Amino acid sequence: MRISVMYFASLREQMGRDSDQLDLEEGVTMAEIWQKVSDQCPQENLLCSRNKEYAQWDDTAVDGDEIAFFPPVTGG
Amino acid sequence: MRISVMYFASLREQMGRDSDQLDLEEGVTMAEIWQKVSDQCPQENLLCSRNKEYAQWDDTAVDGDEIAFFPPVTGG
Amino acid sequence: MKVEIRPEAYDPWVEIGAYQAALPAGSYGASAVFVGTMRDFNEGDDVESMLLEHYPGMTEQQLEELAQNSLKYHGLIDVMVLHRVGEVRPNDPIVVVAAWSAHRKAAFDACREMMENLKSVATFWKKEQLKEGVRWVEKNTAG
Amino acid sequence: MKVEIRPEAYDPWVEIGAYQAALPAGSYGASAVFVGTMRDFNEGDDVESMLLEHYPGMTEQQLEELAQNSLKYHGLIDVMVLHRVGEVRPNDPIVVVAAWSAHRKAAFDACREMMENLKSVATFWKKEQLKEGVRWVEKNTAG
């Protein structure tokens with residue numbers, strides 16, 4: 001399956017890019033996607049979303065999903 | 001001693017006047033002043049002030065005081 | 001600090017904007033504002049107009065005091081309290097309470113507290129003109 | 001209901017006044033408003049400007065949802081949420097949250113709650129430009 005992965009704010013700068021397109025097996029979790037793109041486990045102060053809704057680390061992705069990783073929000 | 005007594009809002013309408021000038025003996029209390037002008041004891045929902053500060057019923061008046069009686073406030 | 005009792009109608013947003021424009025630029029991060037406006041409906045009845053009476057001198061002193069206390073207690077940058085008196089029509093603003101501070105907690109707390117203090121102590125009284133006659137408002141809605 | 005993400009500077013009081021003017025006259029008795037403004041000082045340092053980034057699509061959806069929830073839960077008459085993005089200068093407004101209701105309790109509660117929800121969930125990020133360089137703001141001040 002094909003998914004897109006986006007990075008925001010300081011995380012985008014750390015990654016050196018704002019997005020990736022990935023081909024992964026069905027049923028992969030958010031934590032596994034993060035490991036794939038960063039070679040790291042999900043650390044504190046890292047958040048993720050799936051199709052523009054906050055997601056849990058053990059949520060699974062399906063084909064066509066838009067996944068995003070980002071630091072804690074600081075708006076308002 | 002001479003004091004002025006003011007009435008506000010529905011109380012002014014009930015009294016049929018907005019103020020009185022009274023000659024009273026020193027040491028008279030707010031409750032006694034109210035009885036003097038209304039022939040009634042202080043009832044619930046009646047407030048009083050002395051020189052533009054809220055007063056208690058047993059506070060005493062001195063010469064030249066500005067006393068006021070009024071119903072609960074409803075501003076804002 | 002601005003505290004005023006106003007016998008004429010005013011636009012609350014213009015008043016706040018003008019007052020804020022004179023504050024030191026970049027100093028405040030939070031503005032919390034409450035505006036009370038006259039409704040055309042109260043306790044089940046249509047209200048055509050309202051007379052807002054106050055105790056001249058005492059009321060100004062109370063508003064000054066509650067604004068000053070809030071300024072100090074909450075460490076605010078500035079405060080504005082503006083209250084209408086006289087004949088008021090539906091949709092006219094009655095009261096404006098505004099608090100400016102560095103961070104939002106102080107502004108929110110101060111604005112609400114000033115408003116509750118104003119409603120419980122300030123010597124204003126409302127008399128409503130209904131189709132069927134007049135009536136004095138006897139108590140305020142709980143805050 | 002009005003929810004908007006704005007890439008240009010605006011006057012919050014003009015925005016609120018214009019929006020309120022279109023509400024049914026005489027229907028609302030209470031307006032509670034919060035405006036967050038950029039300060040020129042944060043955590044001990046002078047801040048020259050700020051870049052406000054957001055997640056397009058997700059953020060709009062979050063603001064719509066929190067405004068809609070507040071409208072229903074507090075029985076409000078109307079709600080406005082406006083948030084700036086892009087390059088922001090000191091004294092520029094960042095966020096406006098406004099709630100209109102019949103009585104003050106609902107407006108006060110809703111305004112503060114929407115603001116806290118916005119700060120804790122909405123996908124905005126701030127990057128400050130200091131004299132000495134840039135830094136991402138890592139967390140919000142407690143509410």
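As the structure is a prediction and not an experimental result, all values here were calculated from the model. No hydrogens, no waters, no symmetry mates; every other heavy atom, side chains included, goes into these values. Letters A, B, ... are given to chains in the order of the sequence lines, protein chains preceding strands, and every chain is numbered from 1.
Among D:V95, D:V97, D:N140, D:V96, the residue with the largest count of heavy-atom pairs under 4.5 Å with chain A is D:N140.
For chain A, no part of D:T59 is nearby; none of its heavy atoms comes within less than 4.5 Å. Interface remark: D:V121 contributes backbone and side-chain atoms alike to the contact with chain A (heavy atom separation under 4.5 Å). In this structure, the portion of D:Q62 lying under 4.5 Å from any heavy atom of chain A is its side chain and not its backbone. In this structure, no portion of D:P93 lies under 4.5 Å from any heavy atom of chain A. Of the atoms belonging to A:E53, heavy atoms from both backbone and side chain fall under 4.5 Å from chain D. Only the backbone of D:K139 comes within less than 4.5 Å of a heavy atom of chain A; no side-chain atom from C-beta onward does.
Using a 4.5 Å cut-off on side-chain heavy atoms (C-beta onward), D:M58 and A:M6 make no contact. Residues D:W125 and A:V73 form a side-chain contact, since some pair of their non-hydrogen atoms from C-beta on lies under 4.5 Å apart. A:F8 has its side chain out of reach of D:T123: every pair of non-hydrogen atoms, C-beta onward, lies at least 4.5 Å apart.
A 6.0 Å sphere centred on CD of A:Q56 holds no more than 12 heavy atoms belonging to other residues, nucleotides or ligands. Around the CD atom of D:E138, the shell of radius 6.0 Å holds no more than 12 heavy atoms that belong to other residues, nucleotides or ligands.
Between the D:K127 side chain and the A:S10 main chain, no donor and acceptor come within less than 3.5 Å of each other.
Rounded to the nearest 0.5 Å, atoms OH (D:Y55) and CD (A:E66) are 3.5 Å apart.
Across all their heavy atoms, A:Y54 and D:S120 have their closest contact at OH-O, 4.4 Å.
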